[in-house]
Amino acid sequence: MRIGIDIDDTLTNLYEYTIAYGQMYDYEELEKDSMINPYGYDTPFIFEWSDEEDKSFWEKYIEEIVTKVNPRPFAVSVIERLRREGHEIYIITARSNLWYKNPYKISEEWLLKNKIEYDKLVVSARDKVKACKENDIDIHIDDSNKHLKELTEAGIPVLLYDNVFNKKSDTKLSIRVYSWPQIYNEIQKLTKREKNEKTN
Ligand SMILES: [Mg+2]
């Protein structure tokens, strides 16, 4: 199978960093105490910041955060195993020039530093349906409600990486996953089912 994999909050636990850096910025730089919802999707829904405060937070910290964040447990070994078993890994991220000087380079360097093997890296994929269709993706792994909805409406199955902000977004074409070992298990099941369908 050709497997699409999102980076932020799928390969990584970005959310923990967003909260930690966000609170540091909130207390120490803005001298506020403004968290309104610890389960919100992204900072405008987590903190009571003005647009300028939010913009300046991300401008200042985004590159540091995405450089420092670690892969989730077993992500590296599961991906290695999937490739060894003949699956293709396409890393598909919405990271774009909007926030990054060079979204390809910063992602490529992080993947290299963390020894994550892959076949192709696609950046600026704000429209993941388009990116998945253009790259013939069989199944995509992501954490975003928006991408989940659009992908499954387009008939592309999704493994939804569980997070506090996506608790209620399951669809008929999605499976909620909580870890990379589970991702491996689900892909195994799907591969077996596909083989059986072909032989029957
Ligand atoms: Mg994500």
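For this chain, numbers begin at 1 and follow the sequence in order. Below, all heavy atoms of this structure are taken into account, side chains as well, without hydrogens, waters or symmetry copies. Remember, it's 1-based here, ligands and their atoms both numbered in the order they're listed. Everything quoted here is computed from the prediction, not taken from an experiment.
Heavy-atom neighbours of Glu48 CD from other residues, nucleotides or ligands within 6.0 Å: at or below the threshold of 12.
Looking at Tyr104 and Ser124, their side chains never bring a donor and an acceptor atom within 3.5 Å of each other.
Note on Glu109 versus Lys113: no salt bridge recorded, every NZ/NE/NH1/NH2 to OD/OE distance being 4.0 Å or above. Salt bridge status for Lys32 with Asp26: absent, with no side-chain N to carboxylate O gap under 4.0 Å.
Under the 6.0 Å distance and 45° angle rule, Arg72 counts as a cation-pi partner of Tyr161.
Judged as a ring pair (Phe, Tyr, Trp, His ring centres under 6.0 Å), and not counting sequence neighbours, the contacts of Tyr15 are Phe165.
Taking a cut-off of 2.8 Å, the protein N, O or S atoms nearer than that to the Mg ion (ligand 1) are Asp6 OD2, Asp8 O, Asp143 OD1.
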